[in-house]
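Numbering starts at 1 and runs along the sequence shown.
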Amino acid sequence: WKGLRGMCVARDDSARRGAEAEEQQRKAARVWTVPNLICMARMAATPGIAWLLVSGQHELALYGFIIAGISDGLDGLIARRFDQKSVLGSYLDPISDKLLINS
């Protein structure tokens, strides 16, 4: 009986691991998460911040950069704390950082 019991436990473990892997893939494929939305908003605000710099409104541009910096930290914190990491977010975040820095 011990041999049969061990086989059943092994099947249960493999089924559980398969379900966990599927859940992990489903979470990674999410697009509309709060961190991704914050990141997209930062990307959308980049041209406005660049325009403020070019037009000589340096103080407002500085406030825009400060808000963008805070939102960068905030989206990472939310992604880690509330398990909202995604593949899209892993690409969006560095792209939005580079856009903002190069503006």
Side-chain angles (χ1 to χ4, degrees):
W1 293 106
K2 287 184 181 181
L4 290 175
R5 185 175 176 199
M7 288 172 49
C8 291
V9 170
R11 275 193 218 139
D12 289 344
D13 285 346
S14 67
R16 183 178 43 82
R17 281 192 297 265
E20 287 173 356
E22 186 177 303
E23 177 69 15
Q24 197 69 8
Q25 287 175 344
R26 186 186 64 77
K27 285 181 180 179
R30 293 185 289 194
V31 174
W32 300 111
T33 63
V34 172
N36 287 353
L37 293 174
I38 292 172
C39 192
M40 289 178 207
R42 190 168 58 249
M43 289 173 78
T46 299
I49 294 171
W51 180 81
L52 288 171
L53 280 172
V54 171
S55 67
Q57 298 180 29
H58 298 120
E59 188 174 340
L60 287 176
L62 174 64
Y63 293 140
F65 273 115
I66 290 170
I67 291 169
I70 291 170
S71 73
D72 187 30
L74 185 63
D75 71 4
L77 177 71
I78 291 171
R80 286 186 300 276
R81 171 100 23 117
F82 297 104
D83 194 27
Q84 292 192 2
K85 297 176 187 173
S86 68
V87 174
L88 178 63
S90 69
Y91 288 105
L92 279 180
D93 193 54
I95 290 171
S96 68
D97 292 344
K98 286 174 180 57
L99 283 174
L100 193 62
I101 294 299
N102 289 318
S103 65

Hey, what do you get for [atom1] ([X]) to [atom2] ([Y]), rounding to the nearest 0.5 Å?
| X | Y | atom1 | atom2 | answer |
| --- | --- | --- | --- | --- |
| Asp75 | Arg80 | CG | CZ | 9.0 Å |
| Ser86 | Leu92 | OG | CG | 7.5 Å |
| Asn36 | Ser90 | CG | OG | 9.0 Å |
| Leu52 | Ser103 | CG | OG | 10.0 Å |
| Ile70 | Leu77 | CD1 | CG | 13.0 Å |

Once side chain to side chain donor-acceptor pair (under 3.5 Å) is applied, what residue pairs with a partner in residues 47-58 remain, sequence neighbours excluded?
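Listed once each, the pairs would be none.
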Please identify each residue that fulfils side-chain contact (heavy atoms from CB on, under 4.5 Å) with [X], with sequence neighbours left out.
| X | result |
| --- | --- |
| Ile78 | Val34, Pro35, Ile38, Leu74, Phe82, Gln84 |
| Ile67 | none |
| Ile95 | Met43, Leu99 |

May I ask you to decide if Lys98's main-chain N or O and Asn102's side chain share a donor-acceptor pair within less than 3.5 Å?
yes
Residues that, via side-chain heavy atoms closer than 4.5 angstrom, fall in one hydrophobic cluster with Ile49:
Leu53, Phe65, Leu100
Contact summary for Pro94 and Gly89, nearest pair of heavy atoms:
CD-O, 4.3 Å
Residues 51-73 vs salt bridge (charged side-chain N to carboxylate O under 4.0 Å, His left out), sequence neighbours excluded, gives Arg42-Asp72
